[in-house]
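Values in this document were obtained by computation on a predicted structure and should not be read as measured data. Keep in mind that the numbers below use all heavy atoms, side chains included, and drop hydrogens, waters and symmetry copies.
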Amino acid sequence: MSTTGASADPLATLGSLSGVPESVESVRKAVDRVYGHRIMRRRSNEITSEAALRGARGSAALSGADWALEEVRRRTDFSGDDEARVVGASLRLTAEAGQLLSIWRQSPLRVLARLHLVAAASNEGEVGRPRQAGESVDEPLIEIPLPSADEVHGRLEGLAELIIAGGSAPALVTAAVVHGELLALRPFTSNNGLVARTAERIVLVGSGLDPKSVCPAEVGHAELGRAAYLAALEGYVSGTPEGMAAWIAHCGKAIELGARESTAVCEALQRGAA
């Protein structure tokens, strides 16, 4: 894998984006439809649990473990092979994300380190910290150039500053930037995709856009497909306003599809209760 750092810093492009408001409004409408469903008022905990399971399955699929939902639901042992370990890591991250919301805005880098520790399920030296010079990255499905360790450290600090400062950016934009930046940097030696998608989920929940975590973007990302995901990521990595806007729109569509998935779950529960 190439270790040539990307020449553009996408964070520097945020102020010049255009065409994003349409995606923001479309996402808001999709989320509102789920939260307005009558089943959500009575059985929101069930919807949240099902969304977590489906989101974990979707995230694992994007990392190469494309299991059927029912297989994920019934399996109890995830230690067997590489795919099983990916699914297990995704499930652990989904469960852990809700415990880290209060820390995220004060110490996002601490949260990211914790997420990597949970995903890796190991105490080896390179786990739970950004990679150092000379350390390789096991992320075979993402083939964009790999930034140097020095660039990673600098851009992680910039990302942390952006999160801590807050600001007026819509939740969709912040979530997409966090997701894209972590995929572009691959700051850890493994499991970066799983960590990036979990961080996106934390932003969406913590921002108040999806406080009950019932609109799993991971479902939408998986439904749109890995090829579209990687093509949109290349737009983000380019650092151009057009590329950044395309990545944000892609993330917005993923959230809408996640919302549609949970709406369908609500409808199924409503038919069963009728």
Side-chain angles (χ1 to χ4, degrees), residues 5-6 8-17 20-21 23-24 27-28 31 55 59 93-119 128-131 147 149-188 191-213 215-218 221 232-233 235-237 239 241 243-245 247-252 254-255 258:
D9 181 354
L11 295 183
T13 311
L14 283 176
S16 57
L17 295 181
V20 172
S23 295
V24 171
V27 166
R28 169 52 68 187
V31 172
S59 189
L93 285 172
T94 298
E96 185 76 9
Q99 312 301 314
L100 299 172
L101 289 168
S102 62
I103 307 172
W104 174 255
R105 283 293 296 272
Q106 286 74 43
S107 186
L109 297 185
R110 178 181 163 197
V111 168
L112 293 175
R114 174 62 185 169
L115 291 176
H116 186 241
L117 191 66
V118 169
R129 60 155 174 79
R131 57 186 168 84
D150 285 344
E151 183 177 350
V152 166
H153 284 264
R155 284 173 59 176
L156 278 178
E157 290 295 335
L159 184 63
E161 290 171 8
L162 185 74
I163 294 164
I164 293 168
S168 58
L172 166 61
V173 174
T174 303
V177 166
V178 167
H179 184 171
E181 192 71 354
L182 292 174
L183 284 179
L185 296 178
R186 280 145 295 160
F188 303 109
N191 296 297
N192 291 285
L194 295 177
V195 169
R197 291 183 288 275
T198 304
E200 179 185 49
R201 164 66 28 213
I202 289 173
V203 173
L204 294 172
V205 174
S207 68
L209 176 64
D210 181 19
K212 294 184 183 294
S213 195
C215 302
E218 304 93 332
H221 286 303
L233 176 62
Y236 177 86
V237 171
M244 290 279 288
W247 169 251
I248 292 169
H250 185 87
C251 290
I255 297 168

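The two residues A184 and P147 make their nearest non-hydrogen contact at O-CD, 3.3 Å. The two residues A254 and A217 make their nearest non-hydrogen contact at CB-O, 3.6 Å. Closest approach of G55 and P216 over heavy atoms only: CA-CB, 3.9 Å. Nearest approach of H153 to R131, heavy atoms of both residues: NE2-O, 3.4 Å. Scanning both residues, L112 and A199, for their nearest heavy atoms gives CD2-CB, 4.1 Å. Across all their heavy atoms, C251 and L172 have their closest contact at C-CD1, 4.0 Å.
Taken to the nearest 0.5 Å, the CG atom of L100 stands 7.0 Å off from the CZ atom of R114. Atom OG1 of T174 and atom CG of L204 lie 9.5 Å apart (nearest 0.5 Å). In this structure, the separation between CG on L162 and CD on E181 is 9.5 Å, given to the nearest 0.5 Å. Within the model, atoms CD1 of I255 and CG of D210 stand 8.5 Å from one another, a figure rounded to the nearest 0.5 Å. Annotation: the span from E200 atom CD to I202 atom CD1 amounts to 11.0 Å, rounded to 0.5 Å. From H116, atom NE2 reaches atom CG of L182 across 11.5 Å, with rounding to the nearest 0.5 Å.
You'll find the side chain of L115 stays beyond 4.5 Å of the side chain of F188, heavy atoms only. Taking the side chain as every heavy atom from C-beta outward, L209 and R28 approach each other to under 4.5 Å.
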Let me see the working for I248 and Y236 under side-chain contact (heavy atoms from CB on, under 4.5 Å), right down to the final yes or no.
CA-CA 8 Å; I248 292 169; Y236 177 86; over 6 Å; no
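Relative orientation of the H179 and W247 rings is perpendicular, given thresholds of 30° and 60° on the angle between their planes.
Distance alone, capped at 3.5 Å, is enough to place a donor-acceptor pair between the R186 side chain and the L183 backbone. Judged by distance alone, with hydrogens and angles left aside, the side-chain atoms of T198 form a donor-acceptor pair with the main-chain N or O of L194 at under 3.5 Å.
For residues 98-108, no residue pair satisfies the side-chain hydrogen bond (donor to acceptor under 3.5 Å, both in side chains) rule, not counting sequence neighbours.
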